[in-house]
Amino acid sequence: MTAPEMPGRPEETVGYDPTAVEAKWRERWVERGTNATDLNGERPYYQLMMFPYPSAEGLHIGNLYAFTGNDIHGRFQRLQGHTVLQPLGYDAFGIHSENFALKVGVHPMELIPRNVANFRRQLDRAGLMVDWNRSVDTTDPAYYKWTQWVFLKLLERGLAYKKQAAVNWCPSCKTVLANEQVEGGLCERCKTPVELRSLEQWFFRITGYAERLLGNLDTIDWSESTRMAQRNWLGRSEGSELRFRVLDPLTDAGSAGVMVSQEVTSGAVVIPVFTTRPDTIFGATYMVLAPEHPSLERITSADQRADVEAYRDATRRQDIVSRKVNKEKTGVFTGSYAVNPASGEMIPVWTADYVLMEYGTGAIMAVPGHDERDFEFATQFGLPIVRVVAAPHEGPHTPLAAAYTDDADGRLVNSEHFDGLPVADAKQRVTEWLTRRGAAKGVTTFRLRDWCISRQRYWGPPIPVIYCDACGTVPVPVKDLPVLLPHITDYKPDDSGVSPLARYEEWYHVPCPTCGQPARRETDVSDTFLDSAWYFLRYPSVPRDDVPFDAELTRRWLPVSIYIGGNEHAVLHLLYARFINMVMHDAGLVPTEEPFAKFRAHGLIIRDGHKMSKSRGNVVIPDAYMDDWGADTLRTYLMFIGPFEEGGDFRDQSISGVRRFLDRLFASVRDAKGDGAPDALVMRKLHQTIRKVGGDLAALSYNTAIAAMMEYMNVLRRGERAPHLAEVTPLVLLAAPFAPHIAEELWEMLGHSTSIFDARWPEVDESLVRDDRFELVVQVNGKTRGKLSLPNAVTQDAAVAAVQADAALSRFITGAPKKVIFVPGRLLNIVV
RNA sequence: GCCCGGAUGGCGGAACUGGCAGACGCACGGGACUCAAAAUCCCGCGAGGGCAACCUCAUGUGGGUUCGAUCCCCACUCUGGGCACCA
């Protein structure tokens, strides 16, 4: 021990110097290789945190919050005897970096290493148990070589394809956005209204995995809110596909009021529609096709052609915002009629942009009586509204003031032989009936679209494909990877719809790998989300250069034991990562379908009741707090603010309480003595605390774990007595995950020459915790009136007798007890 | 509009499976130490009443179930988030 012994008067020398202690242990950890993971070690535990984007501003307090919560869990698992792999890397490709580089006029290839170095410095200061031997940087050719390999793997498995598609185009970022990157019609990055543009794009067939991505959600240990967000995003609906015959306007000359017999409609176009309410088929009074529907032109009558084309052109030009914000419905009659397959009636066919080509079949049967949108449209254009469901108090002709969409206790009306059936029964019966007439039942539709991964930008991994006039689309051979991103000075995007790389002929001219003739490279780069969709597979295999991930190591370390990150990635990153992992599993390269056995979203840190923002000037700079208080105090305080999964409010005032706790911890160890026997009551509290903290750490309930340690500290330091070594040594271990530097220092003061993180978590001694007496809560008529200390084995009768013998309690009992509720070991309630 | 979650002292928050509401910390008040201050240590700290022992009220609002409700049920208010013309 280095400090002088001053039992009884610790207050004069309380306190420690975090700056010196933390610097010492940062160095010592590097020297000893404390944070390096032996990948062949026993009981592997893969502790993963979402890797950061290394911004120029440096580490954000939100990053630090997430990483600290992660680190504490990882350190705890290590103390539990696991070999913990806790890697961290950088997600440095993407529009964010590129835009920033353009703004400050520094090439991203110079900017990113600078930012990474600054991040690394801050991360080291925070005392994270990160194995830097297994880091990744998505912009490093040694990494994106394998991102390109992932693309080729999907191409090989028929999961990557190219198509001309209307895509979301941000006129400000000058690039295509994935649906996930459009929020309310605005670019999530720059808030510019997104336009529709038709471009040739690479897509991943994630929709083919929708059913499994949904089904597996029930099998993984994730926060319910995250799973719910994914379910909503996948948006599965089950229904039927009905076939509507549209009479050919050329041969049938169909017009209002003219019934055309089915025999003369042989040239009719059949248009499938998807519905979740086949029971309302008799109420389908018109049909609507999306303006982009391929059959629209075929069915439009000559006299309506001009109107329909004008409408289609108008909607095409319109950006998503005005389509979605303009609530009033627009549409045009096509001049054609379709046959309602249930009633045989002729119903008009319209086109309107409230029907989306991307969902279902791009055409609907409109049931204005029982669908709000159809009701609005029918009202606006004077189309017939027919009631086919009636609530208990309504009849078949009760007028509809609005769409009646409630299907709980309605019964069918105006539906021929189905009249009177409750909706639930009708759904089944009508579906069966329609199925016999050519409809398809049990059809599922997803809201999810295929993942567009093309980006017409510079700062990303080039998509590894070559176009040859003779051989067509040729994948770059794996041996030729990586397709290096060239260092070009003019990487500013333009309106051309192609990547800046397309301006560099010397780069994109390349001989065809198959025939050797002159060919051209793909000039688009891939979406940043592809970089992050597989990085967790890479960590254990760094620095292998011959494979993306080693078979043996992957089998040993995957799936990830626990993944911690922000809920803002609930539907983007987490869904893509699950998809890519599932594909790799199908390819036999990864042991499980799901990459993350357990996922927990951490909360957000706000400050003084408000979200942190530069404009508000309330941003917490981690460096400043580490200077003033030390990293250990900042870490512990962040975790003490509130439940880790909920976040909390950062208040400057409150941090002092945590620092006081660490000062007292330091003083306790320094003052502890080894002679004599430890105090029995203190030891009981200690072992209760060991149990409590262990349980809380496993459950990420860090705030209550810290409270429990503080509570123990209050017991430990009560009175003038110097603590006993046996009373403080386990406490150092409990505090170690939170405050690793001071814990190492104290561990050394306690005479250890190896790292505290190579020690073991203290065992709970149940014999110390157990007590043969307990505090019985005494209630009279449900009101607590006091408590009695009684033996554990006390019977109800004995407990009642004890209460009656106690003057302070028995005075509440007036008359004979009517009823007695006795909860052994806890409570006695006497009802009089 | 639909789907999740939340609301507890001056503040952040705690409370196992329906069983002592307010742990722990901050702020605040009082005391010890000091010439003094800071630091440190000790005591108090939901509201109202009482000299006191104690009593009454109290977990967003209004009902309900129960011996007993912060916890379960119904209705509502406010609030955070997700989805949103998805047929």
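For the numbers below, each heavy atom of this structure counts, side chains included, while hydrogens, waters and symmetry mates do not.
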Minimum-distance nucleotide (side-chain atoms of [X] versus [options]):
{"X": "A:M710", "options": "B:G19, B:C24, B:G82", "value": "B:C24"}
{"X": "A:N714", "options": "B:A87, B:G25, B:C67", "value": "B:G25"}
{"X": "A:R651", "options": "B:C67, B:C11, B:C55", "value": "B:C11"}
{"X": "A:N829", "options": "B:G25, B:G68, B:G13", "value": "B:G68"}
{"X": "A:D371", "options": "B:A87, B:A27, B:A23", "value": "B:A87"}
{"X": "A:Q653", "options": "B:C55, B:C26, B:G13", "value": "B:C26"}

In Watson-Crick or G-U wobble terms, both distances under 3.5 Å, what is the partner of [N]?
{"N": "B:U77", "value": "B:A7"}
{"N": "B:C33", "value": "none"}
{"N": "B:C2", "value": "B:G82"}
{"N": "B:A53", "value": "none"}
{"N": "B:C72", "value": "B:G64"}
{"N": "B:A15", "value": "none"}
{"N": "B:C28", "value": "B:G44"}

Take atom [atom1] of [X] and atom [atom2] of [N], then tell me their distance rounded to the nearest Å.
{"X": "A:R447", "N": "B:C3", "atom1": "CZ", "atom2": "P", "value": "17 Å"}
{"X": "A:F650", "N": "B:G13", "atom1": "CZ", "atom2": "P", "value": "14 Å"}
{"X": "A:R659", "N": "B:C24", "atom1": "CZ", "atom2": "C1'", "value": "19 Å"}
{"X": "A:E645", "N": "B:G80", "atom1": "CD", "atom2": "C1'", "value": "16 Å"}
{"X": "A:E646", "N": "B:G81", "atom1": "CD", "atom2": "C1'", "value": "13 Å"}
{"X": "A:M228", "N": "B:G82", "atom1": "CE", "atom2": "P", "value": "15 Å"}
{"X": "A:E711", "N": "B:A23", "atom1": "CD", "atom2": "P", "value": "9 Å"}
{"X": "A:F774", "N": "B:C16", "atom1": "CZ", "atom2": "P", "value": "20 Å"}

Check: [X] ring centre within less than 6.0 Å of [Y] ring centre:
{"X": "A:Y354", "Y": "A:F377", "result": "yes"}
{"X": "A:F644", "Y": "A:Y65", "result": "yes"}
{"X": "A:W350", "Y": "A:F381", "result": "yes"}

> On the ring face of A:Y359, is A:R449 found with NZ or CZ under 6.0 Å from the centre and within 45° of the axis?
Replying inline: no
> Within 45° of the ring axis of A:W233 and under 6.0 Å from its six-membered ring centre, is that where the NZ or CZ of A:R447 lies?
Replying inline: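 Checked: cation-pi criterion met.
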>> On RNA chain B, does the nearest nucleotide to A:I364 precede the nearest nucleotide to A:N232 from the 5' side, or the other way round? Give the residue.
In response: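 Result: A:N232.
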>> Quick check on RNA chain B: between A:E224 and A:K819, whose nearest nucleotide comes earlier from the 5' end?
In response: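 Checking each residue's closest nucleotide, the 5'-ward one belongs to A:E224.
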Check [Y] with [X], please: is the shortest side-chain N to carboxylate O separation under 4.0 Å?
{"X": "A:R312", "Y": "A:E292", "result": "no"}
{"X": "A:E711", "Y": "A:K685", "result": "yes"}
{"X": "A:R243", "Y": "A:E241", "result": "no"}

Using a cut-off of strictly less than 4.0 Å, decide whether [X] has a side-chain nitrogen or oxygen near OP1 or OP2 of [N].
{"X": "A:S237", "N": "B:A87", "answer": "yes"}
{"X": "A:R826", "N": "B:C16", "answer": "no"}
{"X": "A:T226", "N": "B:C4", "answer": "no"}
{"X": "A:R227", "N": "B:G5", "answer": "no"}
{"X": "A:N703", "N": "B:A14", "answer": "yes"}
{"X": "A:R660", "N": "B:C26", "answer": "yes"}

Can you say whether a donor on the side chain of [X] sits under 3.5 Å from an acceptor on the base of [N], or the other way round?
{"X": "A:K818", "N": "B:C67", "answer": "no"}
{"X": "A:K787", "N": "B:C20", "answer": "yes"}
{"X": "A:E372", "N": "B:G1", "answer": "no"}

> In terms of base orientation, is B:G44 syn or anti, with the syn window spanning 90° either side of 0?
Replying inline: anti
[atom1] gap between [N] and [M], integer Å:
{"N": "B:G9", "M": "B:G48", "atom1": "C1'", "result": "15 Å"}
{"N": "B:U17", "M": "B:C55", "atom1": "C1'", "result": "33 Å"}
{"N": "B:C24", "M": "B:G46", "atom1": "P", "result": "13 Å"}

For [X], report the nucleic acid contact type (base, sugar-phosphate, nothing); a contact means any heavy atom under 4.0 Å.
{"X": "A:L827", "value": "base"}
{"X": "A:Q779", "value": "base"}
{"X": "A:Y712", "value": "nothing"}
{"X": "A:V777", "value": "base"}
{"X": "A:R718", "value": "nothing"}

> Does the side-chain contact (heavy atoms from CB on, under 4.5 Å) test come out yes or no for A:V389 and A:R277, once each step is laid out?
Replying inline: CA-CA 11 Å; A:V389 180; A:R277 294 291 306 271; 4.0 Å; yes
